[in-house]
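Down below is the structure, laid out as C-alpha cells.
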Amino acid sequence: MADEDRLRSVDEHLAIVLDGIGSIEPIEVTLLDAQGLLLAENVVTDIPLPSFDNSAMDGYAVRAVDTRSASAEHLVEMPVVGDVLAGATSRAGMGPGLAMRIMTGAPIPAGADAVIPLEDTDRGVARVRIGRPVRTGECVRRTGEDLAAGALALGAGAALGPQQIALLAAIGRDRVVVRPRPRVLVISTGSELVEVGQVPSFGEVTDSNSYLIATAAKDAGADARRIGIVPDDHSKLLDVLENQLLRADVLVTTGGVSMGAFDVVKQALSELGTVEFVQVAMQPGKPQGFGHLGNRVPIFCLPGNPVSALVSFEVFVRPAIRKLLGKRSVQRATVQAIALEGARSPAGRRQYRRGVLHREANGGYSVSFAGGAASHLIASMASANCLVVIDESVTEIVAGSRVTVIPLLLSNR
Ligand code: AMP
Ligand code: MG
C-alpha cells in the first residue's frame, strides 16, 4: 500500500474535529461585552419604540383640521401658546385653533395631531403664520411604530453587532444572554524553546507559536491565553494540561507530534486513549492530534513548525472556535485569483501555500507566492496575507491559471 493511501483527508479530519466540538453554556454579559457574539435568548421588549408620540421636526404642533384652508395666498395665523422641549416629562396640552412650538423628539401635546416644520412657517414667536395645509399625523413619530410593546426585538441566534446592541440599549436591556467566547489555552512544547525577550543560547529557539496561535484564536473570536512553554517531558506536559483543564474550553499545543523519539506530546497523549494522532493528506500540517481531555475539553495538538501551526490552526482550530461561538458559517470566505507564478504540489495532498493577494484594477484578484513550500519560514509567513489552496488532485499550477485563495482578513473584533 502506498504511503498516501493511509492519510486521512483534510475534509474527513475536519468533519471528525467538528463532530467532537460541543457547545458552551450560555452566559449573561453586559451590552458592551456582547459585541460580536450570538444572542442565546429571545429578547422581547416591554416598552414600545418610540415610547411616546413625538415630533420628527423642529416646528409647531397644530391640529391638522385648523390648517385646512391655508395656502400661499391665504395664510392661517394661530397664537403660539408655549414651547415643548425634548426631555419634557409631562405632556403639554393645547386647545383648538392654537399652536405650540416644538423641538425634534419632544412629546406631541395633547390636542395636537401634526407638526408643521419651522421652515414652512414664518417662525413667529407669539403668533405663527402657516401657508399650507398640514396632514393629520404629519411629522409625528408614532408610539410603537418601530417596535410594539411585547414584540420580539431580537431572536436567539442573532449576531450582535453595533445596530443590534443599540436596539438592546434602546429597549432598556443592559445585560443579555449570549454564547460566550470559548476560552482557548495555548501551550508551546519543545525543550529548545525559550521565552521571548530571553537571549537564546546556541540551539535554542524563541517561542513564537504560542503568540501566533493565541492571537489567531483571539482573532477568530476566542478568549485566548498563552500558557507558555513546556519542555519535552512526559510528566511535565501531563501536569500542565491537567492544571489548565478546568480553565479551558479548548486546549491547543504545538510541537512534538511527529515521528521523532522525543515527540512527547504524541507519546504522552496517545497513552491516555482519548487523543488520536493521525496523518492528514495536507502540506504543511500532516501530523495532527485531536481528541478530548477529562472527557470534555477538546485538545488540538498541532505540529511545531510555525507555518504548519498556522495552517493547521486555520484549517481545523478556527472552524472549531467558530462552531463554539455558534456561528452558522465556520469557514473563512474564499476568493478566486489568477496565479502570477506557477507552483508544484505533491499528489494526493492538499497544499496550502502562503500568498500575497492583490486587487487588480478590474476588480479581480491576483496572487503571488510568499516563501515556497517550506514550513519554517516565519518572515515570509509575516509577508503573506492569504493562503493559496492547491487541491489534492493538482500537481502543478501554471502562471495565469485560476486558484482558490483564503484571505487572512483580520476581524478587528
Ligand atoms: P516539532 O514539531 O516539535 O518537531 O518542531 C518542529 C520545528 O518547529 C522545530 O524546528 C522547532 O524548533 C520549531 N518549533 C517548535 N515549536 C516552536 C515554537 N513554539 N515556536 C517556534 N518554533 C517552534
Ligand atoms: Mg519539538
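Here, residue 1 is the first one in the sequence, and each next residue gets the next number. Note that ligands are numbered from 1 as they come in the structure, with each ligand's atoms numbered from 1 the same way.
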- Message: At less than 4.0 angstrom from any non-hydrogen atom of G256, what atoms of ligand 1 do you find?
- Response: 1 (P), 2 (O), 3 (O)

- Item | Option nearest atom 22 (N) of ligand 1 (shortest heavy-atom distance, choices V257, V205, V186) | V205

- Query: Does even one non-hydrogen atom of G190 get within less than 4.0 Å of ligand 1?
  - Reply: no

- Message: Using a 4.0 Å heavy-atom cut-off, which part of H376 comes near ligand 1: side chain, backbone, both, or neither?
- Response: neither

- Can you list the ligand 1 atoms lying under 4.0 Å from a non-hydrogen atom of S188? 19 (N)

- Query: Got a sec, which pairs hit side-chain hydrogen bond (donor to acceptor under 3.5 Å, both in side chains) with one end in residues 37-48, sequence neighbours left out?
  - Reply: E41-R173

- E192: numbered ligand 1 atoms lying under 4.0 Å from its heavy atoms: 11 (C), 12 (O), 15 (C)

- Task: Could you tell me whether the side chain of Y352 reaches within less than 4.5 Å of the side chain of V389, counting heavy atoms only?
- Result: yes

- Test item, L212 contacting ligand 1 (heavy atom, 4.0 angstrom): no

- To the nearest 0.1 Å, how far is atom 19 (N) of ligand 1 from its closest protein heavy atom, and which atom is that? D207 OD1, 2.8 Å

- Item | atom 14 (N) of ligand 1: the protein heavy-atom neighbour that sits closest, reported with distance to 0.1 Å | G304 O, 3.3 Å

- Task: Can you pull out the closest protein heavy atom to atom 20 (N) of ligand 1? Residue, atom name and distance to 0.1 Å, please.
- Result: S208 N, 3.0 Å

- Query: Please state which protein non-hydrogen atom is closest to atom 17 (C) of ligand 1 and give its distance, to 0.1 Å?
  - Reply: N209 ND2, 3.2 Å

- Should the heavy atoms of other residues, nucleotides or ligands under 6.0 Å from CD of E271 be counted, would the total exceed 12? yes

- Shortest protein contact, atom 10 (O) of ligand 1 (heavy atom only): N305 OD1, 4.2 Å

- Task: Report, in ascending order of atom number, the atoms of ligand 1 lying under 4.0 Å from any heavy atom of T206.
- Result: 20 (N), 21 (C)

- Query: Counting distance only, does the side-chain N/O of N305 pair as donor-acceptor with the main-chain N or O of S308 below 3.5 Å?
  - Reply: no

- Message: Suppose the criterion is salt bridge (Lys or Arg N to Asp or Glu O under 4.0 Å): which pairs have a residue in residues 242-269, not counting sequence neighbours?
- Response: R183-D249

- Query: Do the ring planes of F290 and H13 sit parallel (below 30°), tilted (30 to 60°) or perpendicular (above 60°)?
  - Reply: perpendicular

- Looking at CZ of R354 and OG of S375, how far apart are the two atoms once the value is rounded to the nearest 0.5 Å? 7.5 Å

- Task: Return yes if a side-chain donor-acceptor contact under 3.5 Å exists between T404 and Q336, otherwise no.
- Result: yes

- T215 side chain to L212 main-chain N or O, any donor-acceptor pair under 3.5 Å? yes

